[in-house]
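Any value given below was found using the heavy atoms of this structure, including those in side chains, with hydrogens, waters and symmetry copies removed. Note on naming: letters A, B, ... go to the chains in the order of the sequence lines (proteins, then strands), and numbering restarts at 1 for each one.
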Number of protein chains: 2
Amino acid sequence: MTTVPTAPTLLPVLDAASCCEPIARAPLAADQADQLARLLKAIADPARLRLLSLVATQDDGEVCTCDATDVLGLAQPTVSHHFKVLVDAGLLTREKRGVWAYYALVPGALDALAGLLTTTTATTTGPR
Amino acid sequence: MTTVPTAPTLLPVLDAASCCEPIARAPLAADQADQLARLLKAIADPARLRLLSLVATQDDGEVCTCDATDVLGLAQPTVSHHFKVLVDAGLLTREKRGVWAYYALVPGALDALAGLLTTTTATTTGPR
DNA sequence: CCAACATATTGACACCTGTCGATGTCTGAT
DNA sequence: ATCAGACATCGACAGGTGTCAATATGTTGG
């Protein structure tokens, strides 16, 4: 099997991060490079990195827009925009409770993305 | 000034990738997020991802501009530009032999970068 | 129903970026 | 010395991106 050892419900993210094989495995085709680049562009921004880091370090694992606005020092629409980019990329989930919107990490999404960059055979063995 | 002694230092890369702690460790500060974002922007491009992948999968570990131009289907100045971005980011090294310029992976650079994205306490250096 | 609030969307703006043609620079060979 | 070839740099252009003010949407409480 290629991957997806246990993917019961979190498919969209893993799907996004499983766009292609690890970089060092085989030369990337044009379309694979496009997909991976789109994922990386989603996180290649200071504000979005701080948002990811903020969510990842929360005890309860979630952050609302209002909190993030204070921490980042950006206008509310800007924060909403960045959150949307991360959700669209499949890295965060959005849950609206009452008036507030809570964002949380999609489990395994960042790690899967990191796995595509590692040159050392990390997980799944690769018998060529 | 432009004399850049062929210092065999592998430091700049690791230095670049060690700009900050892993995302999930502590909330990123503004300047740390800037540095990490600059690194990620360097690889968040289809052409540069293909170049990295091309170099990483070569048996001898190096690729010259001419070869890359053919594979990517881009003009020679464009390929040179992308290589320069990757070298400046500390991900590739450039060695000129005769008329040709050979690019190779900086050992551990990509892996260090990937380590900053992983949420699970990975290997990497665990000081302090 | 209405007011207050949190969030999302829209529109506009300045800025950055990928691309290529033209040109410069350096090396190896005739 | 001169020429050809590989590569880097420059200048210019189109397209993408981050930011915010203004506005829209939707929810809670009175």
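- Both B:Val71 and B:Leu86 are part of a single hydrophobic cluster, where members link through side-chain heavy atoms under 4.5 Å apart.
- Counting heavy atoms from C-beta outward, A:Leu92 and A:Leu105 have side chains that approach closer than 4.5 Å.
- Rounded to an integer number of Å, the gap from CG of B:Asp45 to P of D:dG15 is 17 Å.
- Residue pairs meeting the side chain to side chain donor-acceptor pair (under 3.5 Å) criterion with at least one member in residues 49-68 of chain A, sequence neighbours excluded: A:Glu62-A:Arg97.
- Of all the residues in residues 60-67 of chain A, A:Cys64, A:Thr65, A:Cys66 reach under 4.0 Å from DNA chain C with at least one non-hydrogen atom.
- Heavy atoms only, all atoms of each residue included: A:Ala33 and B:Pro46 are closest at CB-O, 3.6 Å.
- The nucleotide range of DNA chain C contacted by chain B, defined by atoms under 4.0 angstrom from heavy atoms of the protein and reported 5' to 3', is C:dG18 to C:dG28.
- Residue contacts shown for A:Tyr102 are absent, as no nucleic acid heavy atom lies under 4.0 Å away.
- A heavy-atom distance below 4.0 Å to DNA chain C is reached by these residues of residues 48-59 of chain B, ordered by number: B:Arg48.
- When all heavy atoms of B:Ala47 and B:Leu72 are compared, the pair lying nearest together is O-CD2, 3.6 Å.
- For the pair A:Ser80 and A:Gln76, the minimum side-chain heavy-atom distance is below 4.5 Å.
- To the nearest 0.5 Å, atoms CZ (B:Phe83) and CG (B:Leu52) are separated by 8.5 Å.
- Hydrophobic clustering of Ile, Leu, Val, Met, Phe, Trp and Tyr side chains at less than 4.5 Å, counting indirect connections, unites B:Val87 with B:Leu49.
- Contact check of residues 70-86 of chain A against DNA chain C (heavy atom, cut-off under 4.0 Å) returns A:Gln76, A:Pro77, A:Ser80, A:Lys84.
- Every residue two or more places apart in sequence or in another chain that forms a side-chain hydrogen bond (donor to acceptor under 3.5 Å, both in side chains) with A:Asp111 is listed here: B:Thr119.
- One can place NZ of A:Lys41 at 11 Å from C1' of D:dG15, the figure rounded to the nearest angstrom.
- Note on A:Leu36 and B:Leu54: same hydrophobic cluster, where clusters join Ile, Leu, Val, Met, Phe, Trp and Tyr whose side-chain heavy atoms are under 4.5 Å apart, directly or indirectly.
- If you take CZ of A:Arg97 and P of D:dT28, they are 12 Å apart, rounded to a whole angstrom.
- To the nearest angstrom, P of D:dG18 lies 13 Å from CD1 of A:Ile43.
- Counting heavy atoms from C-beta on, the side chains of B:Ile23 and A:Ile43 never come closer than 4.5 Å.
- Judged by distance alone, the side chain of B:Arg48 and the main-chain N or O of B:Lys41 form a donor-acceptor pair under 3.5 Å.
- Using a 4.5 Å cut-off between side-chain heavy atoms of Ile, Leu, Val, Met, Phe, Trp and Tyr, with links allowed through other members, B:Tyr102 and B:Val55 fall into different hydrophobic clusters.
- Distances from the side chain of B:Val99 to the nucleotides D:dT19, D:dA8, D:dG5 place D:dG5 closest.
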